[in-house]
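A quick write-up on the structure given underneath.
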Amino acid sequence: MQKINQKEILALNLQRMYWIETEMEQLATWEAKIELEEEHKEALEILSNDSDKHALILEKWLNIANIELPKRAPRGIPLKVFDFNMTNIFEIFTEIRKYEILARDTYHNIASTEPSVLEETFPDEENRKEFIQDMEHLVAEEERHKRICDEKIGGFRRVM
């Protein structure tokens, strides 16, 4: 039986999250902006701008760890096309919310990586501390995004 290389799993998770932040979340947000026009613009701007910031954080750590930036969807990430044409607010924010939860939970798992794996990936102790802080920050940000979606979904339910 082949030993599971936890460092490779960490690298794959970082690449997956980079892809989700740069491709999938951005695509969903932009598609929602097109469909909703001015409606809910502020919420969508927060989600979009934060995804850009998150991608830059991930890019920094991928570079520090000498992990290649993905040029196509990493293993385990399906090709996804978001088409919100004729879709209501509830459905749009419900779809976006799924990815916010996925991101939050994955960042939490990354932040909980075994210390020995982090040490192997980031030999410098200060880097390890900063990495964990960044991942915990991303967990909090994704939770905030989930709440933004929850508010939009809840507001839509009340109107109906």
Taking the side chain as every heavy atom from C-beta outward, state whether [X] and [Y] have any atom pair closer than 4.5 Å.
X	Y	answer
Q15	E68	yes
D50	R144	yes
H137	I57	yes
N13	N109	no
L44	F93	yes
T113	M135	no
L62	E59	no
L10	I67	no

Using 30° and 60° as the class boundaries, would you call the ring planes of H54 and H145 parallel, tilted or perpendicular? parallel
For residues [X] and [Y]: do they belong to one hydrophobic cluster (side chain heavy atoms under 4.5 Å, members Ile, Leu, Val, Met, Phe, Trp, Tyr)?
X	Y	result
I101	W19	no
L14	I132	yes
L138	L69	yes
M17	L56	no
F90	L47	yes

May I ask you to decide if P123's main-chain N or O and R128's side chain share a donor-acceptor pair within less than 3.5 Å? yes
Residue set satisfying salt bridge (Lys or Arg N to Asp or Glu O under 4.0 Å) with K7, at least two apart, ordered chain then number -> none
On a heavy-atom basis, the closest approach of Y107 and L58 is OH-CD1, 3.2 Å
Quick one: closest heavy-atom pair of A65 and F122, and the distance? CB-CE2, 3.6 Å
Approximate separation, where rounding is to 0.5 Å, of [X] [atom1] and [Y] [atom2]:
X	Y	atom1	atom2	result
T121	F131	OG1	CZ	7.5 Å
K41	I46	NZ	CD1	12.5 Å
R75	L12	CZ	CG	5.0 Å
T94	E91	OG1	CD	7.5 Å
I92	I153	CD1	CD1	11.0 Å
E114	E119	CD	CD	12.0 Å

Given S51, which of E141, E23, E21 fulfils the side-chain hydrogen bond (donor to acceptor under 3.5 Å, both in side chains) condition? E21
Under 4.0 Å between a side-chain nitrogen and a carboxylate oxygen: does that hold for E142 and K146? no
Presence of salt bridge, R97 and E100, under 4.0 angstrom: no
